[in-house]
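Following: one structure in structure tokens, then a few remarks.
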Amino acid sequence: MSADLMIISSVTKAIKELYNQEVEEKTVQVSMTRKDVEGDFTVVVFPFVRFSKKAPEQTAQEIGEFLKNNLEEIADFTVIKGFLNILIDPSFWINELNKIIDNPSFGIQQASEDDSTVMIEYSSPNTNKPLHLGHVRNNLLGYSISKIAAAAKNNVVKTNIVNDRGIHICKSMLAWQKFGEGVTPESSGKKGDHLVGDFYVRFDKEYKKEIAALMAEGKTEDDAKKQAPLMIEAQEMLRKWEAGDAEVNELWSMMNNWVYAGFDVTYKRLGVDFDKIYYESDTYKLGKSTVEAGLEKGVLFRKEDNSVWADLTAEGLDEKLLLRGDGTSVYMTQDIGTAEIRFKDFGFDEMIYVVGNEQNYHFQVLALILGKLGYEWAPKLYHLSYGMVELPEGKMKSREGTVVDADDLVDEMINTSRKMSEELGKLDGFSDEEKENIYRIIGLGALKYFILKVDPKKNMTFNPAESIDFNGNTGPFIQYTYARIQSILRKAVERGISVDTKVDASVAINSREIELIKSIGKFEAQVLDAWKNHSPAQICNYIYDLVKEFNSFYHDYTILGEENPQILKLRLEIANQVALVIKRALDLLGIEVPNRM
RNA sequence: GGUCCAGUAGCUCAGCUGGAUAGAGCAACAGCCUUCUAAGCUGUGGGUCCCAGGUUCGAAUCCUGGCUGGAUCACCA
């Protein structure tokens, strides 16, 4: 039984014996004592004052006496106002450390077949342009939450739905056909996603020229937009694509494959991956039959123009279109179909959509409609909604060229990392290959940590000009602590000191060491909490606090210089566990650790 | 206008399932490398926790109402 549960149970006993009152265990608040107060656990006694009918101090005193007499682990207690601070025997903490040493995957649980299956959709790009900063936040969040889910004992399926069809890709295709002169990624030496993106931009440019020309002839802007020959051609191309036109499909297939090859490179550099990829071109018709079945059941209705709608006015929302008058499907229809096939494929217990908060309404409606259609799993959908990434000057606008490209961003981070490393000169004697790998680890660590440490639901500001800090509450700071500990461990091994073995429980432990063991021990609960709240940011906060605490200890105390071999051993094991927790925590964020930096 | 989200130090953010004196980082200033990696450590200054009510022994945290900013309410995705 863990210490806090033990105390809770004893407190309920105390209240029964002292005041003859039954209290539920969940009403007993036991927390870790704050650092500036002596003690290990704190019981808040205010809620029990009405039972004791005595002052909070006296009540705390009485409960404290009872606990001290009934629990041998309790060494002493103090009372401050209504707070009962309990001091545990120091050997308890060494035993806690030993338990952690015994568990080679402390904090990371392994799911079995009986555990829940969680499906997580993230990334979900359009195939007409390369990934940008917004996608980076999405990918990092999605990947991290997948890792956290797995560590919290879930079977995880990472999925991606690629929006590979529609007018946007036709625009790129058309521009390539007209202006591309047969250029390919190979002939131009350009990444496929960037090449296709260039043609998307080119389309827009030419299209604007046509609009301007038409408006000069006296047409209204709306008419000009509709009548511009390029737009008409693009729409015609989409019709041909849907009709299965061989030539258009071949072009579509070729250009999409360029994009996928480009995405693969970006995904790989970001370190994200998927277990199952769905393509809209395969799934876009799926929801139709479900919608029609819903129509027959009478949960949906048809308007005079033949379009099909869901009436959500009873839920305080509007009516939502599900099939156009011409029978074609919309985004919502696709998502209904995709959800159905996913449930058939994997039978998930939870389905998480990592999608920006601009789609909050969409997912609210999706869950409602699936519920109306009678799917009992509709409440299992969860929209992990995250805020926008803004630049200091405001939103990113592709038309104004202020979009931060994902590949450029990664390059920039690695360059910054390289520059800093070279200035510090700690990697002399390493091969170029080893150095580059470390620069990569640090640069990406900085980027990922910077983005993940912000609560997902909040908008965040990203300042590319100032780049990202490598000091303070940052990825490199945490990686640095890891590297430092590795250096100590290497030296310990050279001296023949065993690492990762148990510590004698009678060793004289000081309060700083106890605090570190407590902090290490919180990791497991932190992982579960981060999962409960779907928030990698909680892992960031936790690991930052742990690292800060360790660095301060490292500064104040020697480890290998300690003369008492038992204390040396204790400190070494604490350092090792800090490093292991750093490694596991950063892994949950998709961040690697360097052995030196 | 309806709905949802956010508002905490000059800036970027923690803390929010109610608990003790609201915390970090950056920026500014002052210290610390003959000693395990100074990408580090220590200190100083910096606050109407948007405002007003309410619930409570106790509110940055919960409730109500405002204010400000953002998102969304398409036969776009």
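All chains are named by letter (A, B, ...) in the order of the sequence lines, taking the proteins before the strands, and each is independently numbered beginning at 1.
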Task: Sequence neighbours excluded, every pair satisfying side chain to side chain donor-acceptor pair (under 3.5 Å) that has a member inside residues 444-453 of chain A - done: A/Tyr449-A/Asn473
Open item on the list: Under 4.0 Å from OP1 or OP2 of B/U35: is there any side-chain N or O of A/Lys491 that close?
Closed with: no
Open item on the list: Checking contacts here: which listed nucleotide (B/G40, B/A6, B/A77) is nearest the side-chain heavy atoms of A/Lys457?
Closed with: B/A6
TODO: For B/A24 and B/G46, measure between their C1' atoms and round to the nearest Å.
DONE: 14 Å
- [ ] List in chain and number order the residues that pass ring-ring contact (aromatic ring centres under 6.0 Å, His included) with A/Tyr207, two or more places apart in sequence or in another chain; answer none if no residue qualifies.
- [x] A/Phe203
Task: Side-chain N or O of A/Lys458 closer than 4.0 Å to phosphate OP1/OP2 of B/G70 - done: no
- [ ] Could you state the atom-to-atom distance from CG of A/Asp469 to P of B/C11 in whole Å?
- [x] 17 Å
Task: SB check A/Glu236 A/Arg239 (cutoff 4.0 Å) - done: yes
Task: Length of the CG-P vector between A/Leu312 and B/A74, whole Å - done: 12 Å
Open item on the list: Measuring to OP1 and OP2 of B/C36, would you say a side-chain N or O of A/Arg490 lies under 4.0 angstrom away?
Closed with: no
TODO: Please tell me which of the listed nucleotides, B/G40, B/U12, B/A14, lies nearest to the side chain of A/Thr461?
DONE: B/U12
TODO: Give a yes/no answer on whether the side chain of A/Arg324 brings an N or O atom under 4.0 Å of OP1 or OP2 in B/A74.
DONE: no
Open item on the list: Can you tell whether the side chains of A/Lys129 and A/Asp193 come within less than 4.0 Å, N to carboxylate O?
Closed with: no
Task: Any A/Asn473 side-chain nitrogen or oxygen under 4.0 Å from OP1 or OP2 of B/U12 - done: no
Task: Separation between the C1' atoms of B/C26 and B/U21, rounded to whole Å - done: 25 Å
TODO: Identify whether any heavy atom of A/Thr481 sits under 4.0 Å from a base atom; if not, whether one sits that close to sugar-phosphate; answer base, sugar-phosphate or nothing.
DONE: nothing
